[in-house]
Asker: 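Below is the structure I would like to discuss, written out as structure tokens.
Note on naming: letters A, B, ... go to the chains in the order of the sequence lines (proteins, then strands), and numbering restarts at 1 for each one.
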2 protein chains.
Amino acid sequence: MNSQQKERKKRDTSKKHKLIMEKAVEVFISKGYDSASMDGIAETAGVSKRTVYNHFQSKENLFQEIIAAFLADRDRIKPMDYAKNRPLEEQLLSFARAELYLIDDPLRRGLSRLLTSVFLMDSELGNATRGQYSPHAGLIRWIEAARDEGRLSCDSPALAARIFYGLVEGCITWGAMMSDGKNLQGLDPLLDEIIAVFLSRYGTGS
Amino acid sequence: MNSQQKERKKRDTSKKHKLIMEKAVEVFISKGYDSASMDGIAETAGVSKRTVYNHFQSKENLFQEIIAAFLADRDRIKPMDYAKNRPLEEQLLSFARAELYLIDDPLRRGLSRLLTSVFLMDSELGNATRGQYSPHAGLIRWIEAARDEGRLSCDSPALAARIFYGLVEGCITWGAMMSDGKNLQGLDPLLDEIIAVFLSRYGTGS
DNA sequence: TCTATACTACACCGTTGAGTGTAGTATAGA
DNA sequence: TCTATACTACACTCAACGGTGTAGTATAGA
């Protein structure tokens, strides 16, 4: 009834909301989900525990919101490629770098580690989260386009895409998560080699 | 002083010890380390909680013993290959299958998932455990031998080995852990493709 | 300046879980 | 049969943690 009066006063709490999320990410990354306590998060954020609960219904809720923000950030990066007459190496490199976005920054790498760790032990959550996400689709389309122009040769673009992402993830991503990025020194030669491997199997020599 | 008398009576408790470990593995796999309770483990094993603590100092101790047994089991499988005049494909396949030993059985796969999840969030433990373990060494030696015979061509056997394991892990292992082995159907064509990719880059055509 | 809103400080609750102590029972080995 | 050993049942401690309630304070917006 008097809703217009009630809505007159509404302070902007997004700053604190964001602050709590950022600090919570830090705590979750360093302790893991279970071992991270809401008291610890509140203290790290320099905020009372009650404020945390005023912003987030529960620990799980807070975590979900962090996951959502992370995935949204990642998805903003994803769609960046298309078939052209630029060198194949260059375009494949951009696919690889998009994939490596998840681990080329300490914070994102920490979150990737955390989420991977959680998803490994909670298949339902993992599948639900990863369900609507098909990272290979873009590369498959790219491979088909390149094949149509005779620049690639393969029976199954899906298989080739799987090989490519397998190479990138197997050679780089997982090691980076495991060793906290210590294997990211001298990355470029490795990336070049990965692309060379891929093209020696599927390339036609332009 | 009268130690020979004391040692006369010693019952064989290894059966129960093993039973507890096996049941604990089940619980750890299904719940994760943190959420698995010692009460739950005792109940699953059909044993009193006190007995669990008579066999294992602490939860962490029990977990460590499980890890050790798992790694020992895996290491027993590892050293199985050497250079010969058998087809390269065949020998590479055996390297790949040795790697897939970790995930080709539901129990081992569960343990791999659990340990990976734990190691991801506890770098110290992960590094300490993985420290004395160099899985690439065998393949590197194999590649050097094959190169010496002119059957492979590469500048850096270490890099080639990294590519090979990256392919196997990236294309198969990680997906199997994430999806609980649902991607292990139709594995052979994928393995063949992986080996074909590797040989198209490093093979010389015998 | 005034007031609704956000926030703090702090006590509090209920639960869970690791680990212990103990008294009594079952059993393997002599 | 005898006895030391393994085991059980159970009560218990202690600490941590998720979450709530509240009274009071600071502050943004009118």
Asker: Starting from P on C:dA9, measure out to CG on A:N54 and report it in whole angstrom.
Answerer: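 My rounded result for the distance is 14 Å.
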Asker: Answer whether the closest heavy-atom distance between the side chains of A:F70 and A:S112 falls below 4.5 Å.
Answerer: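 A side-chain contact exists here, since the closest heavy-atom pair is under 4.5 Å.
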Asker: Would the B:F164 and B:H136 ring centres measure less than 6.0 Å apart?
Answerer: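 Between B:F164 and B:H136, the centre distance exceeds or equals 6.0 Å.
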Asker: OP1 or OP2 of D:dC7 less than 4.0 angstrom from a side-chain nitrogen or oxygen of B:H55, does that happen here?
Answerer: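 Result: yes.
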Asker: For A:E43 and D:dA16, give me the distance from atom CD to atom P, rounded to whole Å.
Answerer: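 For the pair A:E43 CD and D:dA16 P, the rounded distance is 13 Å.
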Asker: Could you state the CD1-P distance from B:I20 to D:dA6, rounded to the nearest angstrom?
Answerer: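 For the pair B:I20 CD1 and D:dA6 P, the rounded distance is 13 Å.
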Asker: Would one find more than 12 heavy atoms of other residues, nucleotides or ligands at under 6.0 Å from atom CD of A:E144?
Answerer: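 Counting other residues, nucleotides and ligands, CD of A:E144 exceeds 12 neighbours.
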Asker: I'd like to know if A:K49 and A:E43 make a salt bridge, using a cut-off of under 4.0 Å between side-chain N and carboxylate O.
Answerer: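 No.
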Asker: With a 4.0 Å cutoff (strictly under), does any side-chain N or O of B:T51 reach OP1 or OP2 of D:dT8?
Answerer: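 The answer is yes; a side-chain N or O of B:T51 sits under 4.0 Å from OP1 or OP2.
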Asker: Nearest whole angstrom, please: distance from the C1' of D:dC17 to the CZ of A:F56.
Answerer: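 For the pair A:F56 CZ and D:dC17 C1', the rounded distance is 19 Å.
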Asker: Going by heavy atoms in the side chains, are B:Y101 and B:D73 under 4.5 Å from each other?
Answerer: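 Side-chain contact under 4.5 Å: yes.
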Asker: As a check on the pairing definition, encode DNA chain D in dot-bracket form, counting Watson-Crick and G-U wobble pairs whose two distances are under 3.5 Å, and using | for partners outside this strand.
Answerer: ||||||||||||||||||||||||||||||
Asker: Does a side-chain N-to-carboxylate-O contact under 4.0 Å join B:E193 and A:R162?
Answerer: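 Not counted as a salt bridge, because no side-chain N and carboxylate O are separated by less than 4.0 Å.
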Asker: Give the B/S/- string for nucleotides 13-26 of chain C, one per nucleotide from 5' to 3', where a protein heavy atom under 4.0 Å of the base yields B, of only the sugar-phosphate yields S, and otherwise -.
Answerer: ----SBBBBB---B
Asker: When the distance from CG of A:D12 to C1' of C:dA4 is rounded to whole Å, what number comes out?
Answerer: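 Taking CG of A:D12 and C1' of C:dA4, I get 16 Å after rounding.
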Asker: With a 4.5 Å cut-off on side-chain heavy atoms, are A:M21 and A:F56 touching?
Answerer: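 They are in side-chain contact.
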Asker: Using a 4.0 Å heavy-atom cut-off across all strands, classify B:H17 as base, sugar-phosphate, or nothing.
Answerer: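 The residue B:H17 makes no contact with any strand.
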Asker: Think B:K59 forms a cation-pi with B:F28, using NZ or CZ under 6.0 Å from the six-ring centre and within 45 degrees of its axis?
Answerer: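 No, B:K59 does not sit over the ring of B:F28.
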Asker: Give a yes or no on whether a salt bridge exists between A:R108 and A:D104, defined as a side-chain N under 4.0 angstrom from a carboxylate O.
Answerer: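 The answer is yes: the pair qualifies as a salt bridge.
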